[in-house]
Amino acid sequence: MSISVTKRSEDYAKWYTDVVQKAEMADYGPVKGTMVIRPYGFALWENIKAVADRMFKETGHVNAYFPMFIPESYMHKEAEHVAGFAPECAVVTHGGGKKLDEPLYIRPTSETIIWSMYKKWINSYRDLPLLINQWVNVVRWEMRTRLFLRTTEFLWQEGHTAHASFEEAEVETRKIIEIYRVLAEDYMAMPVYVGKKTDSEKFAGAVHTYSIEAMMGDMKALQSGTSHNLGQNFAKAFDVTFLTRENKQEYVYATSWGVSTRLVGGVIMTHGDDKGLILPPKIAPYQIVIIPIWRTDEQKALLMEEVAKIKLQFNREDIRFLVDDNDQVSAGWKFNQWEMKGVPLRLEIGPNDLEKKQVVLVRRDTGEKHFVAVESLFSMVNHLLEDIQNSMFQRALKFRNDNTHEVDNYDDFKRIIEAGGFVKAFWAGDGKMEAKIKEETKATIRCIPFDQNQAGACFYTGKPADTYVIFGKSY
RNA sequence: CGGAGCGUGGCGCAGUCCGGCUAGCGCACCUGAAUGGGGUUCAGGGGGUCGUAGGUUCAAAUCCUAUCGCUCCGACCA
């Protein structure tokens, strides 16, 4: 392993792939576009997953599992859906050495198979709402792939709910996008714009789509989670009706929503620096790495006694830690290694500290060193972890806000997009204009934020507009 | 699919233009010693037949043909 990564300022894309590999997050799989998620990267994903899963369950959702093989005919039942997904599907044509009568699509998303089952399970308003989520892999045969951000196969959760009214489905859709916002901002320390997608950017088969949009270190946008109100589109396609309280047949209202392993890429690109990853304490696989430093065996024995006490305390307090007592590499090596891996706090303890009854704590985000008396170690660690979490969010928020510019004309728009950053502007244009802007600048409307309170003139058409939108170049 | 680049020990590369001794370097790995609070040093050592197939030649990593694969840039996308 070489000793450093490409600088972000030199080549951001290269920096990203360097970091992913050198921090042992992931590696390329043998099939084009596939990725092996290595233990350290998977641990991060598991922590993100645990938070999301808890929030889903707290809001009444349950987990299940649906098959990955989807009959070809199912894919064709919803017109927009097939147009959106069929071209990028992997299809199984043979099984057991024989050609199959009907090709099987490997799920790119599971609306079709799930709604074919919901048809069986939903008869009455008493069966609603149905709130099911699954944590699975999906496959999309993308042209261009990037570790975590866009891989041929990826892991995600997909929630699929069924409701008795459009309004109820709408409440669900909004509830979930709020959960995603909390996940991104409060746990991943990744600030997001939350809002609605324009028609041209919405999900294939949705009435409308909400998303959270984050700004990465290169000022490009990462769509980090989506929640769709599907209306009755899938219920109609799969003929899923229920009997209302008034004894009338009505089509069921649906939602679907998901976040994926892309979030891992989001964490990396929101916080990382030229030394590697910086992970938010709340989701870091290890919140603190303990590095004992010794010369002689006697020193080591004494140190490990002290370390054992620290371990006990950390275990009791549910602090995720790792003791790196590997004596094959130098302390300096370990410092660099764990900085690459983004562990929020480092604890150094050596003979000198033992004598002074202290330890050294070093923050990954600021590099700041603290000499801490052993008896106040735990409270200090807790305090620092909390402070790191908060200041990581604040720093990311400031970066995003500093690089989000308001404009009132197309020239300024082009200048800012060209230089890099988001544009916040009043908008009264249509889909055609959106497409034209995309063609000319590569920027798209990331979302129409929920949070709207003023009116102004559209930067593009000059017409009065009561909503502003966020534009950016996206991943 | 269009454009560019690259396939040489585990990883990263040099050598290829202008064929020629036992294919070289850094990292990693193994042995030993000294070191150990910011990627430690010295000594010794193991491992590759040059993506694959075919051709030219006395001689091919190097030239020719075909083929496979990967990465990056564009259109598509969580």
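The analysis underlying the following values was restricted to heavy atoms, covering all of them including side chains, and did not include hydrogens, waters or symmetry mates. Naming convention: chains lettered A, B, ... in sequence-line order (proteins, then strands); numbering from 1 in each chain.
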Within this structure, what is the CZ-to-C1' distance between A:F335 and B:G39, rounded to whole angstrom?
-> 11 Å
[X] side chain, from C-beta outward: closest of [options]:
{"X": "A:F154", "options": "B:C72, B:G38, B:A78", "answer": "B:A78"}
{"X": "A:R346", "options": "B:G38, B:C72, B:A78", "answer": "B:G38"}
{"X": "A:M143", "options": "B:C76, B:G39, B:G37", "answer": "B:C76"}
{"X": "A:R150", "options": "B:A78, B:C77, B:G37", "answer": "B:C77"}
{"X": "A:V360", "options": "B:G37, B:G36, B:C76", "answer": "B:G37"}
{"X": "A:M340", "options": "B:G38, B:A78, B:G39", "answer": "B:G39"}
{"X": "A:E88", "options": "B:C76, B:A78, B:G38", "answer": "B:C76"}
{"X": "A:E142", "options": "B:G38, B:C72, B:C77", "answer": "B:C77"}
{"X": "A:T226", "options": "B:C76, B:G38, B:A78", "answer": "B:A78"}
{"X": "A:K438", "options": "B:C76, B:U71, B:A78", "answer": "B:C76"}

In whole Å, measure the gap between the [atom1] atoms of [N] and [M] for me.
{"N": "B:C21", "M": "B:C17", "atom1": "P", "answer": "13 Å"}
{"N": "B:C27", "M": "B:U65", "atom1": "P", "answer": "39 Å"}
{"N": "B:G39", "M": "B:G20", "atom1": "C1'", "answer": "42 Å"}
{"N": "B:C18", "M": "B:C76", "atom1": "C1'", "answer": "45 Å"}

Between A:E201 and A:G33, the residue closer to the 5' end of RNA chain B by nearest nucleotide is A:G33
5′-ward residue of the pair A:V329/A:K334 relative to RNA chain B | A:V329
Quick one: does any side-chain atom of [X] pair with a main-chain N or O of [Y] as donor and acceptor, under 3.5 Å?
{"X": "A:R146", "Y": "A:G33", "value": "no"}
{"X": "A:S379", "Y": "A:S376", "value": "yes"}
{"X": "A:Q287", "Y": "A:V343", "value": "no"}

Report which part of the nucleic acid A:S330 touches: base, sugar-phosphate, or nothing (heavy-atom distance under 4.0 Å, all strands).
-> sugar-phosphate
Report which part of the nucleic acid A:T151 touches: base, sugar-phosphate, or nothing (heavy-atom distance under 4.0 Å, all strands).
-> base
Would you state whether a donor and an acceptor, one from the side chain of [X] and one from the base of [N], lie under 3.5 Å apart?
{"X": "A:D353", "N": "B:G37", "result": "yes"}
{"X": "A:E339", "N": "B:G38", "result": "yes"}
{"X": "A:R295", "N": "B:G37", "result": "no"}

Can you label the angle between the A:F56 ring and the A:W257 ring as parallel, tilted or perpendicular, going by 30° and 60°?
-> tilted
Can you label the angle between the A:F85 ring and the A:H81 ring as parallel, tilted or perpendicular, going by 30° and 60°?
-> tilted
